[in-house]
Amino acid sequence: MNSEELITRYIYEVGNLLPQRGREDIQQELESLIRDEIEERAGYKEASASLTADVLKEFGRPEKIAAQYRGEEHLIGPELFPIYKQVMTIVLSVLTGFYILILALSYWDSELNSIWANFQGWAWDYVGALITWFGIMTLAFAGIERYFGRDFASQSESAEEEWDPFTLPAIDDPDRIKRFEVISGIIGAIVFGGIFLSVIMPDGVFGWMVSPEIRPIVPLIVISFAAQIAVKGLLLWQDRWTVWLRWVEIGVQTFGAYVTYLLFSAPEITTLGAIDNVFYLMFGISLIVYCIDIVVKIVKVLWRMRYGTSWSWKNDPIFSTQK
Amino acid sequence: MAQQKDKEALYDNLSGELRRGALVLAVLSQLSEEQYGYLLKQALSDQGLEINEGTLYPLLRRLEKQGLLESSWQVVDDKRPRRYYKISPLGEGMLTNLTHEWQSLVTMMTGLLNGH
């Protein structure tokens, strides 16, 4: 290979790594610069291949110099990336929960020798779904970055200027919320509730399993899911807990406990008979947990309203050991 | 031996960062007259600033994109075409500001390092 061939190949490789726009101009300039350097070193003699190779080495690998010409690139910028990570975590977590549920439910209707076959099919579906949703979310955010990236950057700058340290919430503020948790709760409830209801509907995958005794309760289950989502939505809107919001939450939970009670006291849950005991146990435990949680929440809210501080075991006049 | 190499690599990295910070100012300061890339590299090298081709030439493009430099293809003395760069009016204003900034920095660093 001679000097000319080396130069031609180098310029070609760099050009391949540059965007179409401006590529030819950069290639021409680069070639001119390389030849200047070679001429300087070779003097008036014809440049050898090894001299040319030395010069090209100083210019750097085609990938490296092309990256320098392209400048900073990113698919999803630093302002958007934290949101991307959060949303991706929520979506993939909900997807995983859904698939675990599908796997568990599929085993109720399986014979022992088909469990492994079920698992293999499930595993392929699960991995495929993960990859698909990862790709969809990444493309969506890349699109947002492409068309609205500058808006995020300028918003970030103006947010930096407007930020007031006095608005930082207290560390032990009991009314403080974590937006990420609330948003994940909403998405989880929507996805899980939607999937759950779709499979138990008469035409659903497990619709045939659901006892007619349960059907009248299904609308109440829907209302309960919707009410929980609404409370979380209100919480996001208010950006912190307030007394009235806490009472609303207690009301929604009480309704949820009532629906659970109806399920628990239904004469029949499924048409399969044998597994009803499992569901009764689940509903019973849920009911107990609901009741305890509701009582604790009522005590805390009343305490807060009366004393203006958070209730805890330490400052409770009855249970506290501190005098 | 490995430790020594790591030390040298770290020093090269940090000193490179220090130099890269001054690069834009150095380049702007040398382009009051038209120059093409290779001559500029030589001019900087003659002043003691060695700069890699893969860094300098893309930098010239970037500064032009930012409006600090102007460029044009020219054929001088019947040689092959070369791209000549010159500082723009915007670049001149930026050079003045950056020069003041640099001088403040030097004064501050001298004070800090003398204290050390």
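- Of all residues spanning residues 18-37 of chain B, those with a heavy atom less than 4.5 Å away from chain A's heavy atoms are B/Tyr36, B/Gly37, arranged by number.
- Taking 4.5 Å as the heavy-atom cut-off, the residues of residues 81-88 of chain B that approach chain A are B/Pro81, B/Arg82, B/Arg83, B/Tyr85, ordered by number.
- Across all their heavy atoms, A/Ile65 and B/Gly54 have their closest contact at CD1-CA, 4.0 Å.
- Neither the backbone nor the side chain of B/Lys65 comes within contact range of chain A; no heavy atoms are under 4.5 Å apart.
- The two atoms that bring B/Tyr38 and A/Leu33 nearest to each other are N-CD2, 3.6 Å, heavy atoms only.
- Among residues at least two apart or in separate chains, side-chain hydrogen bond (donor to acceptor under 3.5 Å, both in side chains) pairs with a member in residues 42-62 of chain B are A/Asp25-B/Arg61, A/Glu29-B/Arg61, B/Ser45-B/Glu50.
- Both the backbone and the side chain of A/Arg35 have a heavy atom closer than 4.5 Å to some heavy atom of chain B.
- Not counting sequence neighbours, the partners of A/Phe81 by the ring pair (Phe, Tyr, Trp, His ring centres under 6.0 Å) test are A/Tyr84.
- Within a 6.0 Å sphere centred on CD of A/Gln238, heavy atoms belonging to other residues, nucleotides or ligands number more than 12.
- Between the CG atom in B/Leu60 and the OH atom in A/Tyr69 there is a gap of 8.0 Å [rounded to 0.5 Å].
- Taking a 6.0 Å sphere around CD of B/Glu101, one finds it holds 12 or fewer heavy atoms contributed by other residues, nucleotides or ligands.
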Determine whether B/Arg80 and A/Glu39 satisfy the following criterion, side chain to side chain contact (heavy atoms under 4.5 Å, CB included), listing intermediate values before the conclusion. CA-CA 12 Å; B/Arg80 66 173 167 279; A/Glu39 258 178 31; 2.9 Å; yes
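- Among A/Ile26, A/Asp36, A/Val55, the residue making the largest number of heavy-atom pairs under 4.5 Å with chain B is A/Asp36.
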